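Note sheet for the following structure.
Remember, predicted model here, so these are calculated numbers, not experimental data.
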Amino acid sequence: GFVGLNSTSIPDTTLSPNQSEQADDHFNTVLYTGNGYPTSNGQTISGVGFQPDWTWIKDRSRSGYNHYLLDSTRSATKVLRANLNNAEGTEGTSLTSWNSDGFVLGANNEVNYQNDSFVAWNWKANGGTTSSNTDGTITSTVQANTTAGFSIVTYTGTGTQSDTVGHGLGKKPAWYFTKSRSEAQNWHVYHHKLDASAPENYIITLNASNARSSSSADFWNSTAPTTSVVSVGDDNSSNKNGTTYVMYCFAEIDGYSRFGTYSGNSNADGTYVFTGFRPAMVIFKATHTDSWVIADNKRDPHNQVNGQLFPDLSNAESTSNAICDFLSNGFKLRRNAGSINQNTYIYMAFAEQPFK
């Protein structure tokens, strides 16, 4: 009954090179050079490999330009910015549409400044097709990709602390974050490893470098998510009466995504973190006060990975310091830095391909 001690003997994952669907059928990063502002051109960006439903764009070359978050549930003209608490804006010249292999840009300077370098991270949901979800006390509108464990959820708050919202994943989400669309409120993040015993009692803020903080039952009603709903409490950032919200939800999928925690060792020969796959993207956040960091395999296609972008800041890309090595089954930190390798951290990782 024994098998050989080799990768062939490892069970296959749902998303893998041996299956009909692979990791990059659901998440992919593309790089492009702007051709728009100030000459007022647009361009089609291809090479994603699927029709994206959530696209996150950042100018790598220029500081002062924001992280643009756009999704096919809210429509291409509706813009939120990861580094700001602003309400949703309407812009017809940023991302104008999605297509089967990418998206179309207008001439907006923050997503298409002429000759600037840009990165766009893309996730697949359900091709823009939504459905009404009545699993929670609040009826939500859900666009879900259960294969990859990702859903886009919109809803209108009621202000009742015990409220729940259906997420459509069919399994318990490990990471999600909410943003008010109709008024200025912070992005508040749930992560299942933000605390060892009761992560539902804590939040962390996407648009700030703040340390984790106690939710005081307002944000998640001190209630863990279930396979069908998340609790939204009664804070203005997640459930104010009459306010509209968007929530991005992620469940872990073996060989494709992992949302974990690790302890840094304050050394350039840094902590090794097992994910079960070679990462395509890793987002890092210290539980103490320090900026978020994003690394990916397109800006750094070989080790060591140096390209840092910061979701809570409008800074240009930093390439002067090491972050990590991307390995066949995880990542290894390569710098003693407070943002990645000194204390306790949460991370969000998506796969290039599973270890097998």
- Could you check if a side-chain atom of I57 sits within less than 4.5 angstrom of a side-chain atom of L105, using non-hydrogen atoms only? yes

- Task: For the residue pair Y262 and T344, establish whether any side-chain heavy-atom pair is separated by less than 4.5 Å.
- Result: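 When only atoms from C-beta onward are counted, T344 and Y262 do not touch, as no gap falls below 4.5 Å.
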
Tell me if the [atom1] atom of [X] is crowded by more than 12 foreign heavy atoms within 6.0 Å.
X    : atom1 : answer
K78  : NZ    : yes
N35  : CG    : yes
K193 : NZ    : no

Residues in side chain to side chain contact (heavy atoms under 4.5 Å, CB included) contact with [X], at least two apart in sequence or another chain:
X    : answer
A198 : D195, E200, N201
S20  : none
A351 : A23, F277
F177 : W54, W175, W187, V189, L206, Y248, F250

Kindly compute the distance separating [atom1] ([X]) from [atom2] ([Y]), expressed to the nearest 0.5 Å.
X    : Y    : atom1 : atom2 : answer
R81  : L69  : CZ    : CG    : 10.5 Å
D218 : N239 : CG    : CG    : 11.0 Å
R74  : T244 : CZ    : OG1   : 10.0 Å
Q161 : S238 : CD    : OG    : 9.5 Å
S213 : I204 : OG    : CD1   : 8.0 Å
Q22  : S16  : CD    : OG    : 7.0 Å

When the ring centroid of [X] is compared with that of [Y], is the distance short of 6.0 Å?
X    : Y    : value
F118 : Y32  : yes
Y176 : H192 : no
W121 : F27  : no

Between [Y] and [X], is there a side-chain donor-acceptor contact under 3.5 Å, judged purely by atom types and distance?
X    : Y    : value
S72  : D53  : yes
E91  : N108 : yes
N122 : T55  : yes
N126 : Q143 : no
N18  : K356 : no
T77  : S75  : yes
T178 : H188 : no
H67  : W56  : yes
Y245 : R181 : no
Y272 : N329 : yes
E352 : N297 : yes
Q308 : N321 : no

- Can you list the steps and then say if V293 with I283 is a side chain to side chain contact (heavy atoms under 4.5 Å, CB included)? CA-CA 6 Å; V293 174; I283 305 174; over 6 Å; no

Looking at residues at least two apart in the chain, or sitting in another chain, which of them share a salt bridge (charged side-chain N to carboxylate O under 4.0 Å, His left out) with [X]?
X    : result
D296 : R299
E21  : none
R335 : none
R334 : D269, D325

- Donor-acceptor under 3.5 Å (D59 side chain, D116 main chain): no

- Short side-chain to backbone donor-acceptor contact, T130 and T141, under 3.5 Å: no

hydrophobic_cluster_shared for [Y] and [X], side chain cutoff 4.5 Å:
X    : Y    : answer
M348 : V246 : yes
L309 : Y68  : no
F50  : M281 : no
I45  : L95  : yes

- Output every pair passing side chain to side chain donor-acceptor pair (under 3.5 Å) with a member in residues 202-211, not counting sequence neighbours, ordered by first then second residue. N186-N207

- Could you give all pairs that pass the salt bridge (charged side-chain N to carboxylate O under 4.0 Å, His left out) test and reach residues 236-246, with sequence neighbours left out? E183-K240

Closest heavy-atom contact between [X] and [Y]?
X    : Y    : value
K285 : D290 : NZ-O, 2.9 Å
Y345 : A337 : OH-O, 3.6 Å
I203 : L194 : C-CD2, 3.7 Å
G260 : H191 : O-CE1, 3.3 Å
K124 : N145 : O-ND2, 3.0 Å
Y256 : A148 : CE2-O, 3.4 Å

- Query: Are S132 and T139 close enough, and set up right, to give a side chain to side chain contact (heavy atoms under 4.5 Å, CB included), and what steps lead you there?
  - Reply: CA-CA 7 Å; S132 180; T139 297; 3.3 Å; yes

- Message: Applying ring-ring contact (aromatic ring centres under 6.0 Å, His included), can you list everything that pairs with Y347, at least two apart in sequence or on another chain?
- Response: F331

- Set of ring-ring contact (aromatic ring centres under 6.0 Å, His included) partners for Y37, sequence neighbours left out: Y113

